[in-house]
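Heads up: the structure comes next, in structure tokens.
Reckoned from all heavy atoms, side chains included, excluding hydrogens, waters and symmetry mates. Just follow the structure's listing: the first ligand is 1, and inside any ligand the first atom is 1.
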Amino acid sequence: MSDEAYRLTSPDGSEMELPVRKGTLGPDVIDVARLYREQRVFTYDPGFVSTGSCESDITYIDGEQGILMYRGYPVEQLAEHSSFIEVSYLLLHGELPTGAQLEAFDNTIRMHTMLNEGMLSFFKGFRYDAHPMAMLSAVVGSMSAYYHDEMDASNPEHRDIFSHRILAKLPTIAAAAYKLNIGQPFIYPRNDLNFTENLLHMLFAVPAEPYEIDPVAAEALDLLFILHADHEQNCSTSTVRMAGSSGANPYSAIAAGISALWGPAHGGANEAVLNMLEEIGDVSQIGKFVEKAKDKNDPFRLMGFGHRVYKNFDPRATIIREMCYRVLQKLDRKDTPLFDLAQELEQVALKDEYFIEKNLYPNVDFYSGIIYKALGIPTSMFTVMFALGRAVGWTAHWREMISDSKTKIARPRQLYTGPAGRDYVLVDKR
Ligand code: SDX
């Protein structure tokens with residue numbers, strides 16, 4: 001705790017000191033925990049633009065410098081040298097694994113990819129065209145029914161088993177949802193395949209013929225999962241922390257995070273970007289849509305642009321744009337209209353006064369969908385892919401929250417603007 005403090009003088013002249021706390025990096029925080037008790041006032045910050053909700057060692061973002069680090073390692077270095085399974089170990093345990101630890105962790109994940117057969121029956125109840133995010137959230141929530149007895153959150157072993165099940169089973173559930181959507185049979189996972197190879201196998205293999213995994217696709221997905229793995233106290237991660245803070249079964253807390261991610265202002269933006277690009281259709285229409293995005297009376301926003309924290313380039317968008325080019329090249333895609341359109345849209349927007357003044361840059365969702373589409377993954381599955389990467393971040397934050405002795409149930413207050421007290425009026429008097 002630092003000796004520095006902010007001094008607050010209330011309208012009636014009373015004073016109090018609000019202590020300042022310093023982290024390893026980033027802005028200091030003003031500790032307002034005593035404010036209501038001593039001054040009988042709340043802070044007010046809809047959307048938590050200026051509010052730190054917790055202390056965390058997991059991920060650091062600098063929105064001005066465009067910095068993203070997992071446990072202190074720059075995401076660019078992890079993207080270049082690591083794998084999603086290794087990054088998952090890092091996020092969950094705080095340190096890069098030794099060779100032996102990585103092998104054991106990878107093997108554990110491979111051994112937990114199957115679902116309880118009863119879970120597969122849920123898919124018989126969904127309409128064939130149910131959105132895969134709705135199915136993912138529902139089936140992950142049902143895991144709390146299957147594993148309720150082995151979930152003592154105070155037991156570190158149970159926390160590890162929960163973490164392994166989430167990481168290992170979400171791809172199987174996601175692939176099952178996709179197979180329902182396309183009317184193909186569910187494909188069981190294989191233990192001889194690594195995390196991304198197994199996902200591709202479960203998505204695209206059919207019983208009628210052998211399926212050959214494209215290493216370009218496996219490598220691209222692994223990198224995308226690394227880039228989506230965690231991102232500080234974003235909307236869905238904060239949802240997982242809030243749900244978990246009541247002591248709710250953590251599978252239900254992860255299901256709540258999946259639901260929060262689905263919104264187009266958050267992880268649903270990657271699906272919205274592709275729909276937007278297809279609506280724009282041609283570079284000749286870009287100007288019209290950029291003007292719509294600037295029009296206060298028009299609800300249209302340039303999806304995949306802007307960010308609560310990044311007021312410079314989202315470092316993930318930079319890596320994904322370069323990867324987009326490489327993947328399309330490796331897949332020998334000569335005809336890349338969507339990628340060409342996205343790049344032109346980016347150039348036009350970044351030169352526009354409105355976007356410059358409001359610091360609106362491409363975010364992680366702007367280019368990711370173009371890669372997913374090039375790999376044969378349908379638009380409706382884009383946010384599911386985001387969830388498969390982010391699930392380990394949600395899990396790491398749940399573990400940090402639940403094992404912190406200072407954790408209290410998250411219960412914010414409000415500014416009440418409703419009617420003052422009034423008496424009930426009998427219906428025949430109204
Ligand atoms: C993710 O938090 C995270 O870390 C999220 C994420 C993660 O990894 O978890 O990074 C993943 O969710 C990325 C964001 C994906 N969403 C989109 O691409 C949807 C389009 N973007 C916007 O809806 C918006 O930019 C947000 C939601 C991302 C951020 O919104 P903020 O921080 O609440 O900012 P704001 O809405 O107050 O915008 C500031 C100004 C506003 O204009 P004024 O009211 O000041 O006049 O910028 C404008 C907005 O109208 N603006 C946009 C815009 N984004 C913001 N105008 C046009 N197009 C846009 N995309």
Can you check whether a protein heavy atom sits less than 4.0 angstrom from [atom]?
{"atom": "atom 34 (O) of ligand 1", "result": "no"}
{"atom": "atom 37 (O) of ligand 1", "result": "no"}
{"atom": "atom 3 (C) of ligand 1", "result": "yes"}

Can you tell whether the side chains of [X] and [Y] come within less than 4.0 Å, N to carboxylate O?
{"X": "Asp352", "Y": "Lys294", "answer": "yes"}
{"X": "Lys22", "Y": "Glu4", "answer": "yes"}
{"X": "Glu291", "Y": "Lys288", "answer": "no"}

**Report entry** Check: Thr395/Ser163 side-chain N/O donor and acceptor closer than 3.5 Å
**Finding:** no

Requested in this report: Please determine, by modelled atom types, if Gln414 and Tyr44 share a side-chain donor-acceptor pair under 3.5 angstrom.
Outcome: no

Query raised in the report: So is there a nitrogen or oxygen of Ala265 less than 3.5 Å from a nitrogen or oxygen in ligand 1?
Result: yes

**Report entry** Short N or O distance, Phe355 and ligand 1, threshold 3.5 Å exclusive
**Finding:** no

Query raised in the report: Judged by non-hydrogen atoms, does Val309 sit under 4.0 Å from ligand 1?
Result: no

Query raised in the report: Hey, does Arg390 sit under 4.0 Å from ligand 1 if you only count heavy atoms?
Result: yes

**Report entry** Side chain, backbone, both or neither: the part of Arg316 lying under 4.0 Å from ligand 1 by heavy atom
**Finding:** side chain

Query raised in the report: Side chain, backbone, both or neither: which part of Pro264 comes within less than 4.0 Å of ligand 1 when only heavy atoms are counted?
Result: backbone

Nearest to [atom] by heavy atom, [options]: which?
{"atom": "atom 60 (N) of ligand 1", "options": "Asp314, Leu302, Val49, Leu360", "value": "Leu302"}
{"atom": "atom 56 (N) of ligand 1", "options": "Phe305, Tyr310, Tyr354", "value": "Tyr354"}
{"atom": "atom 29 (C) of ligand 1", "options": "Arg308, His228, Glu357", "value": "Arg308"}
{"atom": "atom 5 (C) of ligand 1", "options": "Met276, Lys311, His307", "value": "His307"}
{"atom": "atom 18 (O) of ligand 1", "options": "Cys235, Ser238, Pro362, Gly304", "value": "Gly304"}

Can you tell me which residue and heavy atom of the protein come closest to [atom], and the distance to 0.1 Å?
{"atom": "atom 14 (C) of ligand 1", "value": "Asn363 ND2, 3.5 Å"}
{"atom": "atom 57 (C) of ligand 1", "value": "Ala293 O, 3.6 Å"}
{"atom": "atom 43 (P) of ligand 1", "value": "Lys358 NZ, 3.7 Å"}
{"atom": "atom 15 (C) of ligand 1", "value": "Asp365 OD2, 3.2 Å"}
{"atom": "atom 12 (O) of ligand 1", "value": "His266 ND1, 2.9 Å"}
{"atom": "atom 22 (C) of ligand 1", "value": "Arg301 NH1, 3.4 Å"}
{"atom": "atom 17 (C) of ligand 1", "value": "Ala269 CB, 3.5 Å"}

Numbering the atoms of ligand 1 from 1, which are under 4.0 Å from a heavy atom of [X]?
{"X": "Met303", "value": "18 (O), 19 (C)"}
{"X": "Gly306", "value": "25 (O), 28 (C)"}
{"X": "Lys296", "value": "42 (O), 43 (P), 46 (O), 50 (O)"}

Query - Non-hydrogen side-chain atoms of Glu219 and Lys330 separated by less than 4.5 Å - result: yes

For [X] and [Y], take the angle between the two ring planes, folded into 0 to 90°, and tell me which bin it lands in: parallel under 30, tilted 30 to 60, perpendicular over 60.
{"X": "Tyr325", "Y": "Phe339", "value": "tilted"}
{"X": "Phe84", "Y": "Phe195", "value": "tilted"}
{"X": "Phe186", "Y": "Tyr188", "value": "perpendicular"}
{"X": "His93", "Y": "Tyr89", "value": "tilted"}

Just checking, [X] and [Y]: is the charged tip under 6.0 Å from the six-membered ring centre and within 45° of the axis?
{"X": "Arg40", "Y": "Tyr36", "answer": "yes"}
{"X": "Arg165", "Y": "Tyr147", "answer": "yes"}
{"X": "Lys358", "Y": "Tyr354", "answer": "yes"}

**Report entry** Taking every non-hydrogen atom, the tightest pair across Ile187 and His201
**Finding:** CG2-NE2, 3.4 Å

